[in-house]
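What follows is a set of notes on a single structure, which appears directly below.
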Protein chains: 2
Amino acid sequence: MTDVLPARRYPPGMVARVTLSDVARAAGVSLATASRALNGSSNRTVQPALRERVLAAAESLRYTPDANAQAMARGATSSVGLIVHDIADPYFSGIAAAVTRAADRVGLHVTLASTQHQPDREHELVALMRRLRTRAVIIAGGRMADPEREARLRDALGDLMAAGASVAVVGQPLEGIDSVVIDNPGGAAALAGALLERGYTTAGVLGGPPEHQTARARRESFVDAFRAGGGTVGEEHVVHGLFTWEGGASAMEALLGRPDRPQVVFAVNDVMALGALSAARALGVRVPDDVAVAGFDDIVTLRDVVPGLTTVRIPLDEAGEAAAELALDGMGGGEARRRLVRTEVVLRESTPPRA
Amino acid sequence: MTDVLPARRYPPGMVARVTLSDVARAAGVSLATASRALNGSSNRTVQPALRERVLAAAESLRYTPDANAQAMARGATSSVGLIVHDIADPYFSGIAAAVTRAADRVGLHVTLASTQHQPDREHELVALMRRLRTRAVIIAGGRMADPEREARLRDALGDLMAAGASVAVVGQPLEGIDSVVIDNPGGAAALAGALLERGYTTAGVLGGPPEHQTARARRESFVDAFRAGGGTVGEEHVVHGLFTWEGGASAMEALLGRPDRPQVVFAVNDVMALGALSAARALGVRVPDDVAVAGFDDIVTLRDVVPGLTTVRIPLDEAGEAAAELALDGMGGGEARRRLVRTEVVLRESTPPRA
DNA sequence: GCCGGGCTGGAATGCGCTTTCCACCGTAGG
DNA sequence: CCTACGGTGGAAAGCGCATTCCAGCCCGGC
């Protein structure tokens, strides 16, 4: 039989919650004992009988510990932060899936934050994670080359790490921070090689935002490798645009408007490639008959579509897992660690061998 | 000039953090004043000069409030929980994007949890959210019809709501809970009608897990409407499988193995449809020449692929926003509210008009 | 038979912050 | 000139929990 609850002072709008002391009272033990019974406190035991009583009381009161209070008392939360640019983007959601899985495995949960495509908000989100006292944060996404922006980010990261959190970035490396690096240059170069091998000699590029690191890495490596292999990439055939479907579409439109249409167009990511496909179709340009198209990322939902899009696969699972591993292992002492995730060319119908 | 920090008791492994009292000391004011200066406490003012001093001190100490402590003191966190089955699935990530955006707008952050395709873990995640004391939780995803499972979920939800959190589900409605309902039956029926109109008279269905509510709604509505419109759907042409790419592939394989191949196959979601496409290709069955295929969801990355997949579009943005709105408005008093999100048939090349 | 030591339970402290409650200031009104 | 009152800063109480420290218990050994 439970006696009347003492009038607790609750902020307005709050509902009475059952606390550990309620459980203790119901079980007729002290708060300390209740806590120990529930947590199996280390190097300390509580009589099985008592333990049972406490557990039963907790059960019948539908007690759940308050994670915030636990975090305070223990001095650490059980959450890991994940910062992305757009969770709806398959690239990020693929990484998010892996991170979520990894966190789950070790009993952590993830706090998701999205810059909503505004890279200059990254540092704000890092600050948010600091406020939240997340154990670790994983930053996914290409940072811009803008030095001021990066300085702000580093600054925020510094504060975060000073507070004891560990950090890992995935995508483009960040000097001094544990990074999982996706081999964009290697993949782009390999793609260029594969296209040359298939008989293409002229190429255009849908290059993404000029300052976007990842886009730049892919674009430059592709161009260099294609030229090094004997192919031609006209400067006027390198068009920039947003890293989005619309960006790809308008860039493709611009490119197709130029004379000397290249034999193949490389979009620096699949989403842009899709936009390009659409633009081509709208203009009556057939793919791959009139122009071949290749992308980058190998978005999962695009596999096995006809005609298949030639692209470069990024093992997102591997990348996400690696990032989680780096972040959750904590800072491994001195040097910033670096993991390389290799990419792989996937040839499909959008770039058939040329006669 | 700061004097020596008093030795604070920190759990092992912890780093000293700058707290509000450090700020107060540095500014030469009391803790209360510091708090008020920082928060602009209601119906209470602090002298502009003092306020400045505190702000400056906080700034120079790189102080950030501890969200956990604030949550304790205020009695409420600033987080909203989102429960999905697989964040890598475009359906869920689309909703997640909208929810994230909505939460962000009102200064909340989202805690993401994934069942990893195990619907019977939903109630665990609800319990997790309760521990975390999230202000609200949004559950996305088709719940199974399994009564025991649903009972557990309801149970967990009851505890959650008793603790003062509001909850909303999106997808399939849940009796007594604020729900945003996606008009699956309407969409499936409309699709059936559109196919009949294009001249199809026999159809097969790739039906997802038998107990899956959403799958069932789409399947049954489609079958009913197709038959009602004069078409034929043989019982043997309704195949079940997992709600995944592989599920679609193997279901398609099974279906194509039967005699009397139907003219069109309706997969209850796009991902399954893709698997089906792949299986067809592997078996040498051409789409749409030998068999037409339609899906459901209109996954964003599938738009404008050739041949386009006929499907039913779900406005994920709208659904996510609506869910967030329901959840964040709190429980609107008595009746559980319900929002209907209409779907729209999108006809593409995978189901050309029949001669 | 008595004392020491291992167990075990309870009281108390503190985590960082918000928010009463109280004390104190100055000023205006009687 | 004294009191009453609005305004403003500080002390302190808690939010829910983990944990340290201490007290009591029972057992065995001398």
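Everything numeric here is computed off the predicted structure, so don't read it as measured data. Naming: A, B, ... by sequence-line order, numbering from 1 per chain.
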Whole Å only: how far is the [atom1] atom of [X] from the [atom2] atom of [N]?
| X | N | atom1 | atom2 | value |
| --- | --- | --- | --- | --- |
| B:Leu20 | D:dG9 | CG | C1' | 15 Å |
| A:Met72 | C:dG14 | CE | C1' | 9 Å |
| A:Arg74 | D:dT20 | CZ | C1' | 16 Å |
| B:Arg131 | D:dG16 | CZ | P | 17 Å |
| B:Arg36 | C:dT19 | CZ | C1' | 8 Å |
| A:Arg17 | D:dG16 | CZ | C1' | 11 Å |
| B:Arg130 | D:dG16 | CZ | C1' | 14 Å |
| A:Asn68 | D:dC17 | CG | P | 10 Å |

Report yes if a donor N or O on one partner sits less than 3.5 Å from an acceptor N or O on the other, where the partners are the side chain of A:Arg133 and the base of C:dG16; otherwise report no. no
From the set [options], return the single nucleotide nearest to any side-chain atom of [X].
| X | options | answer |
| --- | --- | --- |
| B:Ala32 | D:dC21, C:dC17, D:dG10 | D:dG10 |
| B:Ala69 | D:dC21, C:dG16, C:dC21 | C:dG16 |
| B:Gln47 | D:dG9, C:dG14, C:dG16 | D:dG9 |
| A:Asp66 | D:dC17, C:dG16, C:dT19 | D:dC17 |
| A:Ser30 | D:dG14, D:dC17, C:dA11 | C:dA11 |
| A:Leu50 | C:dG9, C:dC17, D:dC17 | C:dG9 |

Hey, which sits more toward the 5' end of DNA chain D by its nearest nucleotide, B:Val46 or A:Thr64? B:Val46
Is the phosphate of [N], meaning OP1 or OP2, less than 4.0 Å from a side-chain N or O of [X]?
| X | N | result |
| --- | --- | --- |
| A:Asn39 | D:dA18 | yes |
| A:Gln70 | D:dG16 | no |
| B:Thr33 | D:dG10 | yes |
| A:Ser35 | D:dA18 | yes |

When all nucleic acid strands are considered with a 4.0 Å heavy-atom cut-off, which category describes B:Leu31: base, sugar-phosphate, or nothing?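 Base contact.
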Please confirm whether the backbone N or O of A:Ala136 pairs with a side-chain atom of A:Ser166, one donor and one acceptor, at under 3.5 Å?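 No; zero donor-acceptor contacts below 3.5 Å.
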Determine whether A:Arg339 and A:Glu325 satisfy the following criterion, salt bridge (Lys or Arg N to Asp or Glu O under 4.0 Å), listing intermediate values before the conclusion. CA-CA 10 Å; A:Arg339 291 253 202 298; A:Glu325 190 185 325; 2.8 Å; yes
Are the side chains of [Y] and [X] in contact, using a 4.5 Å heavy-atom criterion?
| X | Y | answer |
| --- | --- | --- |
| A:Val80 | A:Arg135 | no |
| B:Arg121 | A:Asp104 | yes |
| A:Val170 | A:Ile139 | no |

Looking at A:Asp66 and B:Arg133, is any side-chain nitrogen of the basic one under 4.0 Å from a carboxylate oxygen of the acidic one? yes
